[in-house]
Amino acid sequence: MGFLKNLLSPKIGIDLGTANTVIVTADKGIILDQPSVISFHTKAGKRTFLSVGNAAKLMMGKTPQSITASEPLVDGVIANFEDAEQMIAAFFKQAMPRTKYIKPYVVVCVPFGATPVEKRAIQQAIKVSGARTVGLLSEPMAAALGAGLPVLKPQGSMVVDIGGGTTEIAVLSLGAVVTAKSIKVGGNLFNATIQQFVKKQYDLHIGLLTAERLKIEFACALRQPEQRTDSTYLVNGLHSITGLPSSSKVSKRLISQCIQQLIDIIETEIRSVLETAPPDLASDIFDNGIMITGGGSLLKDLDRELTSRLHLNVTIAEAPKYSVANGASIAVRMGKKLAYAIEYNILSVH
């Protein structure tokens with residue numbers, strides 16, 4: 001019976017991201033891709049689950065006092081354990097049938113440098129949600145695996161994973177992280193920077209969802225945009241002085257300039273990691289370049305801008321948003337071949 005349970009138990013990889021949670025299985029691929037948001041309704045002091053994922057994100061910034069929309073993950077780790085546990089359980093229920101006997105083997109990704117306390121919180125939340133085992137894999141390793149880099153070979157590979165809350169920068173070789181940094185610069189900070197800039201420059205207060213749309217549809221990473229004539233984008237919000245609904249045409253050139261400070265930070269930290277890499281691995285990276293992954297890598301022309309700044313070939317992974325989740329799925333399938341890179345015993349550590 002135990003052998004049958006093991007055989008039938010699905011093997012899944014999870015990217016428990018600040019912005020989105022992605023669940024991948026070996027046989028079906030991506031089975032869930034939803035915003036990491038959960039909402040609750042409060043009545044007479046009692047809070048009840050309302051929605052999760054896409055439905056909950058639509059409520060952000062638009063809820064009455066009786067409804068709260070929560071983002072329980074901050075910088076890739078759990079900030080609100082109770083909300084995170086309910087969110088993960090709801091995602092599990094959506095993604096796969098749960099029975100008493102058949103429970104999945106899970107590998108979930110955590111930021112490089114996450115503390116034992118943060119790791120335990122993630123592991124426990126997923127274990128409680130119905131997993132048979134929960135292994136933890138560092139996000140840089142998962143991103144590199146998912147991007148198809150030869151991380152198991154005696155060869156230097158470099159990955160820059162730009163997520164919602166953090167950017168993970170790492171040099172890898174022989175199935176391990178050689179040197180790495182995790183910085184708190186990600187898609188959410190790009191959104192907040194654009195939001196603050198529009199308020200300062202145009203006296204217009206816009207929501208984070210509007211700022212995110214500006215980033216995706218309009219912003220450009222190039223320090224010197226190719227267009228000679230500037231273009232504009234109409235956005236709606238609240239006028240900062242009158243407090244009334246208003247709109248303004250924002251400049252593509254100025255929006256692109258306001259995010260350069262964040263690209264500067266990413267460039268500086270990439271250089272910092274390269275400086276600490278062994279010379280032979282640095283030589284491999286010079287030959288093979290740098291792979292960027294994560295939803296943040298989709299910022300228009302970011303690969304071109306980093307290539308120009310670093311004088312190294314910077315390329316975007318295929319389906320970069322799913323590199324980490326796909327890497328976790330690959331890791332759980334590889335089993336013992338990658339067992340030393342996956343932590344399973346965090347819950348027993350005191």
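Note that this is a predicted model, so its numbers are computed, not measured.
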Could you tell me if Thr166 and Asp75 have a donor-acceptor pair between their side chains, going purely by distance under 3.5 Å? no
Salt bridge (charged side-chain N to carboxylate O under 4.0 Å, His left out) against Glu82, all qualifying residues, sequence neighbours excluded: Arg47
Provide the full list of ring pair (Phe, Tyr, Trp, His ring centres under 6.0 Å) pairs with a residue in residues 233-292, sequence neighbours left out, each pair given once. Phe218-Tyr233
List, by chain and number, the other hydrophobic cluster members for Ile67, where Ile, Leu, Val, Met, Phe, Trp and Tyr join if side-chain heavy atoms come within less than 4.5 Å, directly or indirectly. Leu50, Met59
Answer yes or no: is there a donor N or O on one side and an acceptor on the other, between the side chain of Gln195 and the main chain of Ile206, under 3.5 Å? yes
Roughly how far, to the nearest 0.5 Å, is the CG atom of Leu149 from the CD1 atom of Ile290? 11.0 Å
Between the CG atom in Leu16 and the CD1 atom in Ile126, the distance rounded to the nearest 0.5 Å is 5.5 Å
List the steps, then state whether side-chain contact (heavy atoms from CB on, under 4.5 Å) holds for Val198 with Leu214. CA-CA 10 Å; Val198 171; Leu214 268 174; 4.2 Å; yes
Going by atom type alone, with no hydrogens or angles, which donor-acceptor pairs under 3.5 Å involve a side-chain atom of residues 31-40 and a protein atom two or more places apart or on another chain?
residue, atom, partner, partner atom, Å
Asp33, OD1, Asn20, ND2, 3.2
Asp33, OD2, Lys321, NZ, 3.2
Asp33, OD2, Tyr322, OH, 2.5
Gln34, OE1, Asn54, N, 2.8
Gln34, OE1, Asn54, ND2, 3.1
Ser36, OG, Gly17, O, 2.7
Ser36, OG, Thr21, N, 3.3
Ser36, OG, Thr21, OG1, 2.9
Ser39, OG, Ser51, N, 3.2
Ser39, OG, Ser51, O, 3.4
Ser39, OG, Ser51, OG, 2.6

The criterion is salt bridge (charged side-chain N to carboxylate O under 4.0 Å, His left out); which residues satisfy it with Glu212, sequence neighbours excluded? Lys57
Donor-acceptor contact present, side-chain Thr18 to main-chain Gly76, <3.5 Å: yes
Do Glu168 side-chain atoms and Phe112 backbone N/O form a donor-acceptor pair below 3.5 Å? yes
If the condition is side-chain hydrogen bond (donor to acceptor under 3.5 Å, both in side chains), which residues does Thr276 pass it with, not counting sequence neighbours? Thr179
Closest heavy-atom pair, Val273 versus Val171, reported as atoms and distance to 0.1 Å, is CG1-CG2, 3.9 Å
Summary of side chain to side chain donor-acceptor pair (under 3.5 Å) pairs that have at least one residue in residues 154-163, sequence neighbours excluded: Asp161-Thr293
State whether the side chain of Lys252 and the backbone N or O of Cys220 hold a donor-acceptor pair below 3.5 Å, judged by distance alone. no
Applied to residues 266-278, the salt bridge (Lys or Arg N to Asp or Glu O under 4.0 Å) test, sequence neighbours excluded, yields Lys181-Glu269, Glu267-Arg271, Glu267-Arg309
Identify, with sequence neighbours excluded, every residue that meets side chain to side chain contact (heavy atoms under 4.5 Å, CB included) alongside Glu118. Val77, Ala114, Thr115
Are there over 12 heavy-atom neighbours, none belonging to Asp264, within less than 6.0 Å of that residue's CG? yes
Within the supplied structure, the quantity of interest is the number of heavy atoms (other residues, nucleotides, ligands) at a distance under 6.0 Å from Gln201 CD; does it exceed 12? yes
Under the salt bridge (charged side-chain N to carboxylate O under 4.0 Å, His left out) test, which residues partner Arg333, sequence neighbours left out? none
Got a second to check how far Ile292's CD1 is from Ile316's CD1, nearest 0.5 Å? 4.5 Å
May I ask you to decide if Ala125's main-chain N or O and Glu85's side chain share a donor-acceptor pair within less than 3.5 Å? no
Output for pair (Ile23 CD1, Ile12 CD1), nearest 0.5 Å, gives 5.5 Å
Rounded distance [0.5 Å steps], CD1 in Ile122 versus CG in Leu136: 7.0 Å
If the condition is side chain to side chain contact (heavy atoms under 4.5 Å, CB included), which residues does Thr268 pass it with, not counting sequence neighbours? none
Identify, with sequence neighbours excluded, every residue that meets side-chain hydrogen bond (donor to acceptor under 3.5 Å, both in side chains) alongside Glu139. none
d(Leu222 CG, Leu302 CG) to nearest 0.5 Å is 9.5 Å
Is the backbone N or O of Gly156 less than 3.5 Å from a side-chain atom of Asp284, with the two atoms forming a donor-acceptor pair by type? yes
